[in-house]
2 protein chains.
Amino acid sequence: MEKKLRTKDKIVQASIELFNAQGERAVTTNHIAAHLGISPGNLYYHFRNKEDILRHIFKEYCKLLDSRIQPPGDRSEALDALANYLDVVFELMWRFHFFYANLPDILARDLSLHKEYQAVQEQVLQRVVKILQALRQAGVLELPEADLAEFAHTIKLLVTFWISYLKTQAPDKSIDQASVYQGVLKVLLLFKPYASKLAQPRIQQLQEHYQQLAEQTATPALV
Amino acid sequence: MEKKLRTKDKIVQASIELFNAQGERAVTTNHIAAHLGISPGNLYYHFRNKEDILRHIFKEYCKLLDSRIQPPGDRSEALDALANYLDVVFELMWRFHFFYANLPDILARDLSLHKEYQAVQEQVLQRVVKILQALRQAGVLELPEADLAEFAHTIKLLVTFWISYLKTQAPDKSIDQASVYQGVLKVLLLFKPYASKLAQPRIQQLQEHYQQLAEQTATPALV
DNA sequence: GTCTATAATAGGATAGAC
DNA sequence: GTCTATCCTATTATAGAC
C-alpha cells in the first residue's frame, strides 16, 4: 500500500516538493503540472486553483501535527512532553518549510486559509501554555504565573518565524534540516534563565542533544 | 522648505503610504501612478521598476535609523541606551511596517536589496551586542557572556517579525501603532529573567512606560 | 480522468509625441 | 518631465474533444 497514489495525491505531494525547493511563490500551477507530466487542464480538474492545493496541504500538515503530538497529562515527565513537542514541531516545520518561509504572504492571499490557521494557532497556544504550566508545577521553570501567557506567545513567535529569520539572514545558502534544528536551541535559550537549579542539568542535556542534531550535515529524512 | 517635492520624491512617499495601507504586494506601479495622478510612463521615467522604488525606500529607512540612534558609549546610562534604541526601532518599524509585514517575500524578489539588508543587519547585530554588553557591565543584566550573541539574535528575530506575528494572529483587524508598540513589551519580557535585583525596578518602570504607549488608541503620528 | 487549445487578465515596461 | 498608446509576458482558468 505504498504506491498507487491517485493523481490528486500526486499533485499535493509534488506541490510540497516544488514549494519547498523553489518557494511557493515561484511555483505556478503550470509548473506543478509539467513536473508531473500532466496537463494544466488535468490539474484544474482536481483542484479549483493553487489556493485550493495550499488548503489541502495545510490540512495534511494539521493531521500530521495532531497525530504526532503526545496527549498531554499522561504519566511522562514534564520535560519529556516539551522535548516531544519540539521534536514534532520542528520536524514538520522542516517538511513544510515553504509554508513558514512566507507565512504572512500565503495567508494574506487566502482569507479562508488564514481563518483556519488562526483557529489552529489558538489550539497551539493552549498546548504551549499547558506545557509551561506543567513545567512550572514540576518545579522545572521558575516563571511568574502572570508572565506565562505572554511567554507562550514569545515562544510561538520564535518558532513560527525561525525559518523566515534564517532566510533573511542568508540570501545565498538555502536552508537545510540542520539549520532548522538550530531553532530548537533558540527555544531552549528562552527557557534557560527560568530554569530552576534542579532542572538545569536536564536542560543542559536537552541542549546538547539538539546541538548534535543541528551540527550534523543534513541528511534528508526518509519523508 | 516643506513642500516642493519633486516627482521622484512624491513617488517614494506615495509608495510608502500605499504599501503600508494595502500591503506591498497588492500595490502595482500603475496604482502608484494613478494615486498621484501621473502616468505610468512618467513613473518609469523616474524609476526602472518597482524594485527600484523599494530600494530607494530602504535607503531612506536606513538613513533615518542611522540618524536617530544615539552613538554608543556616550555618558548616558546603559538602560537609557536600550530605551532609545527601542524607541527608534519601533517607531521606524511603524512608519515602514509594510516592509516588516512581508520581509522574506520582498527580499526574495531582489537579491541586491537582500544583500544590502543583510549588510545592515550585520551592523544591527553588533549594535545590539554592544548594548547587551554595556548592560552586563553595568550590572543590569546577569547574562552569561557565552549566551550573549545568541540572545542578541533572539531579540533581533523577535523585533523583526513582531509585525508579521501580529498579522498572522489577526486576519481581520489591521495593525495600528499601539499594537506595534506591544512588541517592545515582548522584548522587555525577554530581558526580565536576566535582570539583577538592582535593575528590576528600572525594568518595571520601562515596562509601565511602554504599557501606556501600547494601550493608547493609536493616533497617527505626524509623519 | 485526461488532453489540447485557447481565452482572459493583469502587471510590467517601453516608444515616441509633446 | 510628462503623456498617450501600446506591447510583451506570465499566469490563471476554461471549453470541448477523446
Side-chain angles (χ1 to χ4, degrees), chain A residues 3-58 98-99 101-102 105-114, chain B residues 3-58 98-99 101-102 105-114:
Chain A
K3 283 288 141 42
K4 286 294 159 212
L5 284 178
R6 292 167 310 148
T7 300
K8 184 157 185 173
D9 296 319
K10 282 200 286 189
I11 292 170
V12 169
Q13 293 313 313
S15 299
I16 295 174
E17 266 176 52
L18 292 173
F19 290 163
N20 277 335
Q22 305 170 33
E24 178 270 338
R25 198 87 206 201
V27 177
T28 70
T29 48
N30 277 11
H31 293 151
I32 299 167
H35 179 81
L36 283 171
I38 68 173
S39 67
N42 193 357
L43 185 145
Y44 277 95
Y45 171 80
H46 292 285
F47 295 93
R48 304 172 78 88
N49 49 38
K50 194 171 154 189
E51 291 171 8
D52 195 16
I53 298 177
L54 281 167
R55 280 193 288 265
H56 272 76
I57 293 177
F58 184 67
F98 80 87
F99 189 69
N102 244 340
D105 185 40
I106 291 173
L107 296 183
R109 271 177 289 143
D110 184 351
L111 183 59
S112 119
L113 178 60
H114 200 157
Chain B
K3 285 287 141 45
K4 286 295 156 206
L5 284 177
R6 291 167 311 148
T7 299
K8 185 158 184 174
D9 296 318
K10 282 200 286 191
I11 292 171
V12 169
Q13 293 314 311
S15 298
I16 295 174
E17 267 176 53
L18 292 174
F19 289 164
N20 277 335
Q22 304 170 34
E24 179 270 339
R25 200 85 206 203
V27 176
T28 70
T29 48
N30 278 9
H31 292 151
I32 299 166
H35 180 80
L36 284 170
I38 67 174
S39 66
N42 193 357
L43 185 146
Y44 276 95
Y45 171 78
H46 291 287
F47 295 93
R48 302 171 79 91
N49 50 38
K50 194 172 154 188
E51 291 171 7
D52 195 17
I53 298 177
L54 281 166
R55 280 194 288 265
H56 272 77
I57 293 177
F58 184 66
F98 79 88
F99 189 69
N102 245 341
D105 184 39
I106 291 173
L107 296 183
R109 272 177 289 142
D110 183 351
L111 183 58
S112 120
L113 178 61
H114 200 157

Practice task
Taking all heavy atoms of Leu18(B) and all of His31(B), pick out the closest pair and write down the distance.
Solution key: CD1-O, 4.2 Å
Problem - Exam field: side chain Asp52(B) to backbone Arg48(B), donor-acceptor pair closer than 3.5 Å - result: yes
Handout entry: Side-chain N,O (Asn42(B)) to OP1/OP2 (dC3(D)) below 4.0 Å
Key = yes
Completion exercise
Note: for Arg25(A) and Gly41(A) on DNA chain D, the residue whose nearest nucleotide lies more 5' is Arg25(A)
Handout entry: Side chain proximity check, Phe19(B) to Ile32(B), heavy atoms < 4.5 angstrom
Key = yes
Fill in the blank from the handout: In whole angstroms, the gap separating P of dG1(C) from CG of Leu5(A) amounts to 14 Å
Handout entry: Whole-Å distance separating the CZ atom of Arg109(B) from the C1' atom of dA10(D)
Key = 15 Å
Exercise for the section: Return the value, rounded to whole Å, for the distance between atom NE2 of His46(A) and atom C1' of dT14(D). Expected result: 16 Å
Problem - For atom NE2 of His31(B) and atom C1' of dT9(C), their distance in whole Å - result: 13 Å
Problem - Whole angstrom value for the distance that separates C1' of dT2(D) from CD1 of Ile32(B) - result: 17 Å
Problem - dT2(D) OP1/OP2 closer than 4.0 Å to side-chain N/O of Thr7(B) - result: yes
Handout entry: Among dT12(D), dT2(D), dT2(C), the nucleotide that comes nearest once only the side chain of Asn30(A) is considered
Key = dT12(D)
Handout entry: Whole-Å gap separating P (dA17(C)) and OH (Tyr45(B))
Key = 17 Å
Completion exercise
Picking from dG12(C), dT4(D), dT2(D), the nucleotide nearest the side-chain atoms of Pro40(B) would be dT4(D)
Problem - Heavy-atom closest contact (Ile57(B) atom, Phe98(B) atom, distance) - result: CG2-CZ, 3.9 Å
Completion exercise
From the candidates dC3(D), dT2(C), dA13(C), the one with an atom nearest any side-chain atom of Tyr44(B) is dA13(C)
Problem - Protein-nucleotide distance (Ile53(A), atom CD1; dT11(D), atom C1'), rounded to Å - result: 13 Å
Handout entry: Over all atoms of both residues, closest heavy-atom pair of Leu43(B) and Ala33(B)
Key = CD1-N, 4.1 Å
Practice task
Just compare dC3(C), dT12(D), dT4(D) and give me whichever is closest to any side-chain atom of Thr28(A).
Solution key: dT12(D)
Handout entry: Whole angstrom value for the distance that separates P of dT12(D) from CG of Leu43(A)
Key = 10 Å
Practice task
Could you check whether Ser39(A) gets within reach of a base, just the sugar-phosphate, or nothing at all, counting any heavy atom under 4.0 Å?
Solution key: base
